[in-house]
Amino acid sequence: MGKYILHRLLLLIPVILGVSLLVFVFMDLAPGTMLDNLPNDLSEAEIARLYHEYGYDRSVFYRYGRYMLGFVRGDLGYSYIYQTGVLGLYLQRLPATLALAGAAVLLAIALSVPLAVLAARRHGSATDQGISALAVLGMSMPNFWLGILLMLLFAHTLHLLPSGGMQEPASLILPSVTLATGLMASLTRTERTALLEEQQKDYVLLARAKGLTGPQVTVRHVLRNTLVPLLTVVAMQLGAVVGGAVVTENVFSWPGVGRLLVDAIHERDAVTATGCLIMTAVMISLIQLAADILCALINPQLRGRIDRDRAIGLRREGGGAA
Amino acid sequence: MKQHKTKPFRQTVPALLALLILAGALAGCTPQQPKTGWKSSVTIGTDAAFRTMDPQQISNAAHDQVFRMVYDTLLAPDPETGRPGPGLADSWSWTDGSYTALRLHLREGVRFQSGDSFGPEDVVFTMDRITNSTVKSSYDRTEITGPSEVVIYLSGPNADFPWHLAACTTAIVSKKAVEKDPEAGASYGTGAWMFDRANTVPGDHVTLVRFEDCWKEKPVTETIVLRYFANESARLIALENGEIDCAITLSYNEYEIAQKNQDLEVNIFVGTGLNYLAFNTTAEPGDRELLRLAVAYAIDRSAIIRSVGDPAAVPAVSVFSRDASAYTEKFSEDLSYDPAAAREMIARLRLTSGTVPELKLLVNTTIQSYKTMAEVVQEQCRQAGITVTLEETDGSGLTARSKFTSPEHQVLLYTIFLNEYNSDISRLFSPGISSNKAVLTDERVISLLEDARRAGDAEADRLYKELQTLAHDSCWYIPLFYGSGCIAWRKGVEGVVLRSTGRYDFTYIRAPR
């Protein structure tokens with residue numbers, strides 16, 4: 001298990017290199033630099049000095065190399081736009097994004113499991129059809145559109161909830177519902193399928209024969225066995241949740257990393273954008289790793305498989321070297 | 001024994017309950033502290049992000065409206081006229097008639113939010129750390145001439161320099177605080193408000209708390225939060241919903257919605273944002289005066305204003321600020337919309353050069369109104385026989401491609417926000433400055449600007465009018481219109497100062513409970 005974790009952590013290196021290089025190269029292709037957005041009427045001489053200081057008079061690969069050297073030392077760079085270090089900026093925005101993503105994931109799980117149970121237990125009925133249709137609708141609706149609709153209804157028309165910002169606990173409701181909808185739809189479909197498969201297994205029949213009621217069998221046995229695929233899907237969808245958070249944060253003026261990232265891209269602030277993307281990639285990878293470990297802890301069979309796969313991999317590597 | 005133990009307990013519980021009920025009833029009857037009529041915290045929805053707590057590092061509307069509350073300038077703009085009045089300097093005068101040295105007597109008993117006392121060394125320190133090119137180009141040095149007196153020496157005559165001392169770029173910071181903490185020391189001013197760093201997220205919202213030891217009148221409000229909304233509609237929804245007390249800038253098509261809302265007060269005014277076309281006069285085809293004239297005649301400003309839906313915009317004739325004393329609309333040549341004249345110019349151009357060149361119009365299409373304006377300009381030029389193709393980019397792209405030192409544009413569509421003093425126009429005409437989008441190095445223009453800076457008011461006005469005439473007739477810039485501005489607040493909000501430059505001062509804003 002320890003070697004598996006180490007292996008996964010080592011995989012972060014190419015991820016970081018790939019993400020940072022892509023950001024640097026793509027932002028270099030766009031016209032303009034962050035120094036073009038400075039609204040302080042700097043003299044041309046001062047701008048030329050800053051161009052040199054930030055390496056804009058050299059190639060993108062020089063700037064990339066310089067950035068990565070700093071990154072290795074734990075320095076995510078300095079944003080001229082914000083006049084502060086990127087790591088501090090990122091850490092300041094991270095709690096808001098974690099709160100939003102966390103609330104969305106919890107909400108999605110809390111709603112999708114009962115819906116999936118209901119759909120599976122009434123398989124083929126109008127309820128099942130309705131829940132499946134809702135799931136398709138939820139997966140099809142873009143975040144920005146759903147967010148605006150919810151804002152119009154609950155903030156503008158009914159005056160029930162704040163339209164945006166992060167000023168009070170109620171501010172979290174609309175953004176998290178918006179972000180949760182897609183994940184909830186996806187989880188409902190996955191969980192429903194898993195439940196239907198499990199319901200066909202012999203142990204369910206045995207449990208019923210022992211006198212357990214349908215809900216008892218579902219809650220005590222079937223649901224527990226569908227936790228692993230559910231967690232796997234949640235872990236796989238985390239990237240999409242964080243990606244969706246970028247859109248949602250902008251719709252609801254949520255002060256998270258996603259909004260910082262979009263602003264940085266608009267301002268051609270490659271240092272901030274790269275720092276945010278690298279840290280986000282690392283965060284997603286670590287969360288996925290944590291989810292894998294959690295799955296292994298829940299399901300000992302899976303833990304055994306991980307260790308076996310790893311052992312086979314190591315043997316192959318050893319054989320190749322010989 | 002058993003009874004002895006339980007009996008008192010049985011009596012105590014009802015007694016305690018009765019006591020609690022009595023206490024509750026008494027509390028309900030007790031006259032409460034009279035509530036003040038104003039909220040302790042006011043929230044303002046802004047249209048641009050606040051990022052940096054250092055007035056010398058950045059200057060734009062979003063930052064200046066915060067800096068105006070946190071810092072003081074040596075001279076303060078008069079709320080009515082915008083003209084420089086007493087600030088941290090309670091009096092000032094030119095040392096002689098050459099407009100090269102300004103003597104200022106500093107206010108005494110002023111403290112910074114860091115606890116340090118304000119003195120002349122803070123003025124020297126601040127003036128020396130200014131990065132703004134317009135101020136720097138005129139500034140030479142500051143000398144301390146007394147315990148409460150400094151003299152600011154300029155590198156050349158500039159009668160308008162006191163205006164710079166009333167701008168946020170010269171807001172005074174504490175020398176001791178910056179030297180002690182180079183990163184955060186500049187966030188302490190002497191103004192009525194101070195930054196609440198713990199409750200501020202740069203790029204999203206800034207929280208200000210009242211500075212109790214301020215030398216000025218103390219505001220009623222205790223906390224002000226300025227929240228950035230990228231989306232104008234979201235800002236209006238938040239205002240209607242009561243989440244914010246005041247909203248800066250609404251989209252044109254939402255003015256009416258806001259005006260119909262009984263809970264809101266809406267202020268619409270002609271702003272200082274001048275939308276214009278600028279030709280790159282250093283390269284083909286922008287260097288051809290006949291072509292520039294043809295475009296000037298081809299432009300129907302009213303149609304452009306209608307297309308963007310700005311209900312309060314004013315067509316622009318001059319590139320000067322309408323609030324500048326030298327502003328004029330009287331020109332010998334009338335270059336207003338005249339398709340026949342435009343076609344005549346094109347015919348003459350064809351005669352002299354054989355062909356009519358195509359124009360590439362660089363435009364920031366991430367803002368819908370720019371895109372609309374550009375498309376209308378394109379169509380109006382087409383009707384006059386000029387082919388215009390649009391080069392679409394974003395804000396950074398437009399800036400990068402229109403640098404003074406390496407301009408790539410032929411003609412571009414842009415907006416400049418002008419201050420009310422005459423010499424601010426030098427940003428459009430001075431060589432080496434990035435806002436000189438016509439890339440002008442005209443000797444006559446430079447000479448007029450220099451002469452005006454060293455002249456008295458009346459003579460300066462005459463020279464600036466001559467500059468306007470020259471610019472108007474040469475069509476380096478084609479002014480289109482001054483866009484409107486809008487600020488709305490919930491009924492009962494008071495204390496917002498709308499300055500003539502279209503910027504706001506929220507120092508004494510208060511909102512009813």
Side-chain angles (χ1 to χ4, degrees), chain A residues 30-48 79-85 88-89 92-93 96 147-148 151-152 154-168 171 249-256 259-260 262-269 272, chain B residues 43 45 48-49 51-54 56-63 131-137 169 183 200-205 225 227-231 233-244 366 393-405 408 427 431-435:
Chain A
T33 68
M34 69 169 173
L35 299 177
D36 295 319
N37 287 307
L38 300 177
N40 202 15
D41 265 344
L42 295 177
S43 66
E44 293 284 334
E46 181 70 7
I47 291 172
S79 168
Y80 196 86
I81 301 283
Y82 289 90
Q83 297 278 315
T84 189
L89 269 178
Q92 191 175 36
R93 299 292 192 101
I148 289 168
M151 192 196 290
L152 281 174
F154 291 102
H156 183 250
T157 309
L158 300 175
H159 300 290
L160 286 175
L161 292 167
S163 63
M166 195 184 165
Q167 309 301 311
E168 49 187 303
S171 305
E249 284 178 7
N250 280 279
V251 170
F252 290 101
S253 303
W254 189 260
R259 199 153 161 232
L260 177 66
V262 170
D263 286 347
I265 291 169
H266 277 308
E267 303 282 355
R268 299 287 193 278
D269 188 354
T272 304
Chain B
T43 305
R51 297 194 175 104
T52 308
M53 297 179 191
D54 184 341
Q56 269 82 57
Q57 288 299 327
I58 194 164
S59 171
N60 61 16
H63 286 79
T131 55
N132 182 285
S133 62
T134 317
V135 183
K136 266 185 108 172
S137 63
T169 46
E183 201 162 304
T200 293
V201 178
D204 182 74
H205 68 269
V225 180
R227 253 176 74 190
Y228 168 48
F229 291 79
N231 185 289
S233 300
R235 208 177 306 133
L236 178 59
I237 289 172
L239 182 66
E240 290 183 315
N241 210 14
E243 295 163 51
I244 57 175
T366 58
T393 184
D394 63 356
S396 300
L398 189 134
T399 314
R401 296 186 58 191
S402 59
K403 281 183 199 152
F404 185 85
T405 45
E408 295 171 19
R427 288 194 283 147
I433 289 185
S434 57
S435 45

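Every chain is numbered from 1 and lettered A, B, ... according to where its sequence line falls, protein lines coming before strand lines. Every value quoted in this text rests on a predicted model; they were computed, and no experiment measured them.
Without hydrogens or angle criteria, A/Gln92 side chain to B/Thr200 main chain gives a donor-acceptor distance under 3.5 Å. Not one N or O on the side chain of B/Asn231 forms a donor-acceptor pair closer than 3.5 Å with the backbone of A/Val251.
Taking A/Ser253, A/Ser171, A/Ser163 one by one and counting their heavy-atom pairs under 4.5 Å with chain B, the maximum is reached by A/Ser163. The residue among B/Pro202, B/Gly242, B/Ala49, B/Ala234 with the most heavy atom pairs within less than 4.5 Å of chain A is B/Pro202. If you tally non-hydrogen atom pairs under 4.5 Å between each of B/Ala400, B/Ser137, B/Ala230, B/Ser233 and chain A, the highest count goes to B/Ala400. The most heavy-atom pairs under 4.5 Å with chain A, out of B/His205, B/Met53, B/Glu240, B/Arg227, come from B/Arg227.
One finds the OG atom of B/Ser396 at 10.0 Å from the CG atom of A/Asp269 (value rounded to the nearest 0.5 Å). Expressed to the nearest 0.5 Å, how far CG of B/Asp204 lies from CG of A/Leu260 amounts to 10.0 Å. Between A/Thr84 atom OG1 and B/Glu183 atom CD the span is 5.0 Å, to the nearest 0.5 Å.
Residue contact with chain A, scored on non-hydrogen atoms closer than 4.5 Å, involves the side chain of B/Thr393 exclusively. Proximity to chain A is limited to the side chain of B/Asp394, based on heavy atoms less than 4.5 angstrom apart. For A/Gln167, the part sitting under 4.5 Å from any heavy atom of chain B is the side chain, from C-beta outward, and nothing else.
The nearest pair of heavy atoms linking B/Val201 to A/Pro255 is CG1-CB, 4.3 Å. The shortest heavy-atom contact between B/Glu243 and A/Leu161 is OE2-O, 4.1 Å.
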### Query
Which is it for B/Ile237 and A/Met151 under the side-chain contact (heavy atoms from CB on, under 4.5 Å) test, yes or no, and what are the steps along the way?
CA-CA 9 Å; B/Ile237 289 172; A/Met151 192 196 290; 4.0 Å; yes
### Task
Could you please spell out the steps behind the side-chain contact (heavy atoms from CB on, under 4.5 Å) verdict for B/Arg51 and A/Asp263?
CA-CA 11 Å; B/Arg51 297 194 175 104; A/Asp263 286 347; 4.0 Å; yes
